[in-house]
Structures are given as C-alpha cells and as structure tokens.
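Comments concern the structure below.
Both counts, for ligands and for their atoms, begin at 1 and track the order of listing.
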Amino acid sequence: MDTTTRPVVIIRDDTASAASSAAKIVMDRIRARSDLVLGLATGRTQVPLYDHLVAAYRAGEVSFAHAVTFNLDEYAGLRRDDPSSFAAYMHQHLFDEVDIDPARVNLPDGAAADLDLEANRYEKAIETAGGVDLQLLGIGANGHIGFNEPGADPVSRTRPVSLSGSTRQANRDFFPDGRVPERAITMGIGTILDAAEIVLLATGPAKAAAVRQALQGPIGPDCPASFLRRHPRVSFVCDREAAAEISYH
Ligand code: F6R
C-alpha cells in the first residue's frame with residue numbers, strides 16, 4: 001500500500017529566492033553537523049544554489065571542510081576531466097570555490113571499464129559513509145530524479161541506465177558537438193529514498209507539469225519523482241513558475 005506523506009512545499013516568487021531557500025537548508029544542516037554527508041545534483045537549476053553556497057562560504061558563513069559529498073550521477077564514458085562531465089561541473093560551480101576536502105568528494109566514475117562494478121562500489125561507499133544525510137535533487141521535465149527515467153523501479157540502487165531522448169535533448173547544450181552520451185550511472189530511487197532528508201529544487205515553467213505529477217499525480221514509475229511522497233522528510237522548493245500547476249483545494 002502506498003503511504004502518501006505530503007511533502008513540504010516551499011514556493012518562492014522567483015528562481016533566485018527559491019535557490020537561496022534551498023541553499024539555506026543546506027547551510028543550516030551543515031552548521032548543525034559539520035561532517036554532514038551531502039548528496040549533490042547537477043544541472044542548470046542547481047547553479048544558483050551553488051552560487052549561494054559559494055557566496056556564503058566567501059562571507060565566512062559556512063565551511064565545507066568536514067563535509068562528505070556524493071553526487072547523484074555521471075555520464076557513461078566521460079572521464080572526470082571531460083569538460084562536459086558532472087565532475088567538471090561540480091569543480092566549476094562548487095568544489096574549486098569552497099574549502100571542501102577533495103578526498104571527501106565522491107562521484108560515480110563514468111569512465112569505469114565495468115559500470116556494474118562501479119555502481120556497486122559507489123553504493124558501498126555511501127553505506128560506509130553512514131548514508132546520505134541530506135540529498136539535493138532537481139527534476140526532469142519527464143519527472144526523472146537523478147537519471148531514473150520514467151519506468152524506473154522504486155527499489156532501484158545505483159546502476160548503469162539508458163537516457164531518454166528528451167533528457168539527452170535537454171542536455172545537448174553541455175556538449176560542444178551536441179552528442180550526449182546514451183548511458184549514465186545513477187543512484188537508484190531506492191538509494192535516493194534512503195537519504196535521511198531530501199530537498200528537491202524546481203524552477204521555471206518547463207518543470208510545472210512534472211512538479212504537479214510528482215506531488216498530485218499517482219505514485220508510480222510514470223513519474224519517478226512521485227516516489228518521493230513515500231519519504232518522511234522531503235521538501236519541494238519551487239519558484240512560482242514551477243509551482244504554477246499545483247492545485248489547491
Ligand atoms: C542532475 C540530475 C538530473 C537533473 C534534472 C534537471 O545531477 O540528476 O536529475 O537534476 O535533469 O536538470 P536541470 O536542472 O538542468 O533542468
């Protein structure tokens with residue numbers, strides 16, 4: 001039977017204030033526990049969130065020195081130093097700008113010879129770290145979380161996956177030749193749901209339908225983000241555009 005714990009929904013006027021609200025949750029948690037295990041997402045939505053964290057670090061308001069991070073996903077076949085990799089994104093937007101210890105940063109290795117082995121290694125590394133305390137998420141226009149595309153199993157763990165045509169299209173701009181890898185390695189929905197707390201940031205009109213489906217559609221694999229409603233401590237932080245289709249009654 002599905003449990004339908006209603007997530008906390010925070011709606012802000014614009015993208016900047018939504019990103020700053022999500023960043024504030026991260027900072028509150030890291031101040032409460034300096035060795036926080038933080039799950040990280042990439043993508044356009046997270047850029048202003050990371051900008052806030054970097055600004056707060058520069059202002060001496062937060063330190064990442066003892067934090068441990070695990071990214072959600074990485075493209076298959078890309079080395080960490082490939083400028084289109086999520087590893088490169090993280091260095092550009094966060095890791096190189098704050099006092100995080102490079103030894104405590106974790107991303108799946110998309111260039112691993114055996115992606116199944118790499119996925120198992122990653123799952124074990126999360127477990128060894130004591131699990132994720134706070135997981136940041138974005139949402140795909142098709143409702144994906146991490147790279148768990150529609151159809152994904154709610155108990156799935158970190159594994160290699162195929163990307164949908166729409167996801168590859170949405171991420172074309174990050175590839176100079178327009179050729180987005182067909183596969184990736186991603187934390188599973190089960191892995192994500194094991195985090196103690198989850199914060200999903202959604203901004204812009206392109207996410208409105210997915211946000212509505214996630215919060216008010218049926219819980220099921222057609223919208224992987226809908227499985228988040230099975231989690232006891234999840235917040236959706238949205239700007240007005242992303243929240244535009246939520247109905248109130
Ligand atoms: C990124 C990730 C994806 C993105 C989603 C939204 O690590 O796992 O689920 O969060 O595709 O991407 P943007 O923010 O670019 O719209």
Side-chain angles (χ1 to χ4, degrees), residues 15-16 18-19 22-23 26 38-52 69-76 78 80 82 84-95 105-110 119 122 126 132 134-152 156-175 180-181 183-193 195 198-211 213-214 221 223-228 234-239 241-243:
T15 305
V26 176
L38 184 57
L40 298 173
T42 59
R44 294 177 187 84
T45 313
Q46 310 298 326
V47 171
L49 186 160
Y50 293 135
D51 288 347
H52 277 285
T69 65
F70 284 92
N71 266 81
L72 278 169
D73 41 19
E74 181 59 280
Y75 291 108
L78 295 200
R80 295 186 192 284
D82 188 304
S84 300
S85 69
F86 287 156
Y89 168 108
M90 288 310 307
H91 279 279
Q92 182 192 343
H93 294 292
L94 187 68
F95 298 159
V105 156
N106 299 276
L107 283 110
D109 180 6
Y122 202 66
I126 296 172
V132 171
L134 172 63
Q135 177 68 55
L136 294 178
L137 296 177
I139 185 170
N142 64 0
H144 72 219
I145 47 173
F147 273 143
N148 295 283
E149 300 280 29
S156 52
R157 311 304 304 186
T158 305
R159 67 203 185 290
V161 290
S162 297
L163 299 178
S164 73
S166 66
T167 297
R168 293 178 66 224
Q169 183 62 34
N171 291 338
R172 267 178 68 109
D173 290 352
F174 295 103
F175 291 82
V180 184
R183 289 170 65 72
I185 183 163
T186 183
M187 281 189 200
I189 297 177
T191 319
I192 292 169
L193 292 177
I198 299 173
V199 171
L200 183 149
L201 178 62
T203 56
K207 303 299 172 64
V211 166
Q213 277 291 116
C223 177
S226 66
F227 289 120
L228 296 172
V234 52
S235 305
F236 278 58
V237 184
C238 304
D239 65 2
E241 291 181 324

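- Here the shortest heavy-atom distance to atom 3 (C) of ligand 1, taken over G146, G143, A141, G140, belongs to G146.
- For the pair T186 and H144, the minimum side-chain heavy-atom distance is 4.5 Å or more.
- N148 places a side-chain heavy atom less than 4.5 Å from the side chain of R159.
- Shown in contact with G43 at under 4.0 Å from a heavy atom are these atoms of ligand 1, numbered in order with element: 14 (O), 15 (O).
- Among protein heavy atoms, atom 16 (O) of ligand 1 sits closest to K207 NZ, 2.6 Å.
- Of the protein's non-hydrogen atoms, R44 N, 2.8 Å is the one closest to atom 15 (O) of ligand 1.
- Here the heavy atom of the protein found nearest to atom 10 (O) of ligand 1 is G138 CA, 3.3 Å.
- Taking a cut-off of under 4.0 Å to the non-hydrogen atoms of L72, the atoms of ligand 1 that pass are 8 (O).
- Nearest heavy-atom pair across F175 and S84 is CE2-CB, 3.4 Å.
- For ligand 1, the polar-atom distance check against N171 finds no nitrogen or oxygen pair separated by under 3.5 Å.
- Counting all heavy atoms, side chain and backbone alike, Q46 lies closest to A41 at CG-O, 3.6 Å.
- Paired with Y89 under the rule side chain to side chain contact (heavy atoms under 4.5 Å, CB included), one option of N71, V47, L40, L107 passes, and it is V47.
- The 12-atom threshold is exceeded at CZ of R44, counting heavy atoms of other residues, nucleotides or ligands nearer than 6.0 Å.
- At a cut-off of 3.5 Å, with distance as the only test, no side-chain donor of D239 or T203 sits close to an acceptor on the other residue.
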Pair N171-Y75, side-chain hydrogen bond (donor to acceptor under 3.5 Å, both in side chains): steps then yes or no: CA-CA 11 Å; N171 291 338; Y75 291 108; 3.2 Å; yes
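- Proximity annotation for atom 5 (C) of ligand 1: of E149, H144, M187, M90, H144 comes nearest, heavy atoms only.
- Those atoms of ligand 1 that come under 4.0 Å of a heavy atom in T45, given as number and element, are 13 (P), 14 (O), 16 (O).
- I139 O, 3.4 Å is the protein heavy atom nearest to atom 6 (C) of ligand 1.
- With ligand atoms numbered from 1 in the order given, ligand 1 contributes 1 (C), 2 (C), 7 (O), 8 (O) to contacts under 4.0 Å with heavy atoms of D73.
- Residue contacts with ligand 1, taken as heavy atom pairs separated by less than 4.0 Å, involve T42 via backbone and side-chain atoms alike.
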